[in-house]
Novice: 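What follows is a structure written as structure tokens; I'll ask about it next.
Every value quoted in this text rests on a predicted model; they were computed, and no experiment measured them.
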Amino acid sequence: MRDSMNTGPSNTSNTSSSTLPTPASKPPTRSRHWNWLEKFLPILSLVLLFVALAILSPHFLTLPNLSNVARRTAVINIMALGMTLIIISGGIDLSVGSVMAFSGIAGTMLLQAGLPLPVAILGAMVAGMAWGLINSLLITQLRVSPFIATLGTMGAARGLTLVITDGLPIVRLPRTFGFLGDGNLLQIIPVPLAILLALAFLTGYILKFTRLGRYAFAIGSNREAARYAGIPITRYLIAIYCLAGAFTGMAAMIASSRLMTGQPTAGQGYELSVIAAVVIGGGSLAGGEGSVSGTVVGAFIMSLISNGSNLLGVSPFWQQVLIGSVIVFAVAVDELRKRKQG
Amino acid sequence: MTVPPETSINSETSPSDSKPPARLEMRGVSKSFSGVTVLRRANLTAKAGEVHGLVGENGAGKSTLMKILSGELPRDAGEIFWEGRPAGIESRSDSQRLGISMIHQELSLAPHLSVAANIFLGREPLKGWGALDRRAELEEATRSLAELGFELDASRPVSLLNPAERQLVEIARALTASSGLIIMDEPTSSLSSPEVEDLFSVVEKLKQRGVSIIFVTHRLEELARIADRVTVLRDGAVVHSTEMPRKDFSPLIHAMVGRELRDLFPARKVLPGPVILKVENLSRRGMIENANLELRRGEVVGLAGLIGAGCTELVETLFGAWPPETGEVRIEGKPVSIRAPQDAIRAGMVLITEDRKTTGLALPLPLSHNITLSNLRALVRAGKIGLREEKRVAQKFIERLRIRASSVDQKTASLSGGNQQKAVLAKWLFCEPRIFLLDEPTRGVDVGSRQEIYGLMNELAEAGAAILMISSELEEILGMSDRVLVMRAGRIVKELVTRETSQEEIMHYAALASSNAGEEVH
Ligand SMILES: Nc1ncnc2c1ncn2[C@@H]1O[C@H](COP(=O)(O)OP(=O)(O)OP(=O)(O)O)[C@@H](O)[C@H]1O
Ligand SMILES: [Mg+2]
């Protein structure tokens with residue numbers, strides 16, 4: 001999975017043939033081992049974390065627990081996929097959590113009104129896209145910085161959700177709705193995990209093989225150069241934010257399905273976890289960097305930390321401290337690696 | 001002067017035993033980047049009060065050697081001596097302590113700070129209790145700019161300056177750090193001749209004060225005027241180091257490129273054909289006024305003017321980077337509306353901008369992605385970019401323009417300056433346009449490649465393209481163009497036929513303009 005989906009430009013540089021008569025390359029030095037180590041630090045930490053938890057807690061390696069971890073991760077992770085695109089393009093979206101609540105309410109209201117599940121999911125995705133459209137128009141037309149624009153819509157989307165629902169959850173949903181969050185494919189694969197994998201491959205494909213992905217990197221690396229290269233920046237930014245909104249709508253329906261309610265307070269504080277997943281996976285808030293495989297690993301690291309802490313009885317307060325430290329540490333290591341490469 | 005003890009202990013490593021030691025001696029410096037060797041046991045000596053030229057092809061390792069000297073890059077092997085003693089340069093602060101300062105090839109200013117703040121960045125004048133003394137900073141900066149003869153307002157933010165003005169700030173910064181040795185990495189590549197003259201008189205003064213200068217350039221005529229000695233780097237090794245010749249550069253060029261070089265400006269085998277681009281009354285407030293011009297197929301037209309004359313603004317407006325306020329543009333007789341760069345590209349007109357770092361390249365991306373960026377459409381089948389086809393295209397341009405890169409995936413930021421410039425050219429060639437607007441197309445490109453680029457321009461013209469070229473090097477304009485348009489204060493003031501004009505005449509119209517311009521505007 002890592003190789004086929006890793007689309008960050010820096011990851012491709014070692015593979016292809018040389019065009020110069022290169023002098024005999026030196027054997028790998030100590031520093032190159034370190035580079036390698038630093039590059040794979042996220043996936044290595046994930047594996048270590050997994051092994052450590054398996055040893056420390058007898059409940060960790062059980063099917064119900066692992067399936068629970070997968071389901072929980074999927075929600076954050078699907079949103080983080082959209083956020084990866086946004087961050088690569090040099091933007092950020094603080095409104096994900098609120099938009100998740102909004103589109104979850106939209107979808108569950110459609111269900112409550114008796115519409116079939118696919119229509120409800122589509123409705124939630126369209127609601128998410130609408131917020132993506134608003135965000136991108138604020139950014140490209142009014143030239144508000146992404147941070148401020150989405151800080152505004154973060155409040156607005158939450159407020160509207162509360163107004164629409166009067167602060168009350170949407171309940172009495174059809175029993176079959178539970179399949180989306182709690183069902184299994186082939187009796188064993190959690191449905192949310194399957195959806196996550198499908199969307200991860202889709203995002204990886206977009207980043208590597210489509211103009212949308214390529215232009216996201218270009219816009220995030222040097223917006224002026226992208227403009228002079230004739231890239232219609234506005235159009236592509238709108239597409240990116242809308243796509244991310246649609247992903248958020250999907251995640252919202254999975255989360256609602258797990259609770260069998262539409263919660264107007266859902267997704268509070270999720271923006272932190274979502275952005276953290278991208279950043280732990282090597283995304284740079286300066287733009288132009290990020291990868292799907294990194295984001296997926298980042299999201300799993302985050303959820304293993306919280307699952308492990310729960311199993312080992314670490315207080316939720318300390319969990320926050322732990323997660324905060326992991327974010328800062330991950331970014332510091334990444335910066336160090338970049339500085340060494342020059 | 002007595003020989004310092006460090007050098008006399010080991011006599012075989014100090015060839016300067018009998019003479020006073022040189023100010024700087026770099027010995028056996030080697031460097032490689034992820035397995036690719038860039039410097040091979042390079043030596044360089046500079047005496048006090050000496051201007052030492054450093055030349056070589058794009059990617060030969062000049063900037064790398066200079067960054068090692070300034071402590072920005074670590075070296076893999078080799079020694080550096082300062083006044084005969086080991087210099088102990090491991091970081092930028094070590095070289096600063098010795099009085100080494102560097103003018104970077106790729107400018108490194110803080111865009112949102114003022115000119116004065118940039119000049120004193122890192123050594124700001126302080127008040128007694130530790131706060132910044134902004135008034136002193138501004139006064140100091142204004143005084144030293146005046147002393148250098150640079151016409152710049154020290155309080156302006158750098159983001160409002162054009163590349164040439166930024167270069168002047170960078171020069172002022174290095175000079176006021178008042179040093180024992182100043183490294184100038186292609187300081188003149190974005191300057192026009194009056195500023196170059198200013199710089200040379202400054203260099204002369206510094207020389208008298210005993211400051212050593214290492215001057216990296218691709219313009220040998222400049223070195224002939226100011227350099228005492230010259231060192232040639234080729235593939236990272238020093239192949240030649242002599243007195244700077246005053247007239248005959250052929251041994252130098254031979255050492256650089258490994259072959260003879262005749263006719264820097266090859267002849268064009270085509271006469272101008274029908275009009276392809278017609279511009280009428282193009283205006284943009286405060287930038288250009290009523291520009292009228294025509295370009296013909298197979299024609300190369302030069303556009304000359306001093307800094308701030310509006311040449312760059314004219315081509316950027318034509319290209320749609322800034323929407324024009326009034327004016328009509330016709331391509332092959334048909335009116336076209338150009339509101340954004342993509343409109344121009346679609347109409348077959350491209351612009352190679354003067355500043356590759358800010359508008360030319362997405363530096364963090366791989367070379368191949370930059371080459372295909374503005375014509376990615378051509379590689380897409382059913383929504384999917386053909387990655388293999390993309391590599392093939394990039395490879396083709398790397399070979400055609402002889403871009404020195406370890407692979408098509410090399411990060412563009414790590415290419416040498418001249419090779420980055422070639423990458424910009426490749427990007428626009430891939431669009432196969434009919435009209436080329438070239439703003440300093442050979443900036444930072446070595447002699448050999450420059451001749452190849454001129455040859456390429458001729459090929460394009462012969463195939464029916466039209467070229468409008470801005471250059472601060474009048475020699476280039478005279479060598480390549482059929483006609484010359486001279487700009488001043490946002491207007492095209494004179495059209496000259498290249499065969500019948502001279503550098504003096506062009507300068508006359510351009511400079512006359514600048515002294516009148518101020519009066520006309522107010
Ligand atoms: N960080 C890096 N990683 C990989 N290769 C690098 C890096 N920095 C420089 N190089 C390579 O080192 C070689 C020498 O580069 P350098 O910038 O010293 O050339 P130069 O002589 O200054 O050329 P120019 O005249 O074009 O400025 C180039 O081929 C370049 O691609
Ligand atoms: Mg260089």
Novice: Taking all atoms of both residues into account, what is the closest heavy-atom pair of B:A362 and A:N222, and its distance?
Specialist: CA-CB, 3.9 Å
Novice: Mind ranking B:L379, B:I345, B:L363, B:L387 by heavy-atom pairs under 4.5 Å with chain A and telling me who comes out on top?
Specialist: B:L387
Novice: Less than 4.0 Å between a side-chain N and a carboxylate O, is that true for A:R214 and B:E390?
Specialist: yes
Novice: Select one option (side chain, backbone, both, neither) describing which atoms of B:R346 are under 4.5 Å from chain A's heavy atoms.
Specialist: neither
Novice: Looking at every non-hydrogen atom in both residues, tell me the closest pair between B:L365 and A:S221 and how far apart they are.
Specialist: CD2-OG, 3.4 Å
Novice: With rounding to the nearest 0.5 Å, note down the distance linking CG in B:L373 to OH in A:Y215.
Specialist: 6.5 Å
Novice: Please report the shortest heavy-atom distance between B:W428 and A:A229, naming the atom on each side.
Specialist: CH2-CA, 3.8 Å
Novice: What is the distance from atom NZ of B:K384 to atom OH of A:Y205, rounded to the nearest 0.5 Å?
Specialist: 5.0 Å
Novice: Check for a donor-acceptor pair, side chain of A:R211 on one end and backbone N or O of B:R377 on the other, with a separation under 3.5 Å.
Specialist: no
Novice: Relative to chain A, which segment of B:L351 carries a heavy atom at a distance below 4.5 Å: side chain, backbone, both, or neither?
Specialist: side chain
Novice: Measure distances from B:T358 to the heavy atoms of chain A and classify the residue's part below 4.5 Å as side chain, backbone, both or neither.
Specialist: backbone
Novice: Which atoms of B:L361 come close to chain A, meaning under 4.5 Å heavy atom to heavy atom: side chain ones, backbone ones, both, or neither?
Specialist: backbone
Novice: Which bit of B:A340 comes within less than 4.5 Å of chain A, counting heavy atoms only: side chain, backbone, both or neither?
Specialist: neither
Novice: Between A:I231 and B:Q342, is the side-chain contact (heavy atoms from CB on, under 4.5 Å) condition met? List the steps.
Specialist: CA-CA 7 Å; A:I231 295 171; B:Q342 53 265 39; over 6 Å; no
Novice: Tell me whether the count of non-hydrogen atoms from other residues, nucleotides or ligands lying under 6.0 Å of CD in B:E389 goes above 12.
Specialist: yes
Novice: Heavy-atom distance under 4.5 Å to chain A: side chain of B:K427, backbone, both or neither?
Specialist: side chain
Novice: Measure across A:K208 and B:I385 and return the closest heavy-atom pair with its distance rounded to 0.1 Å.
Specialist: O-CD1, 4.5 Å
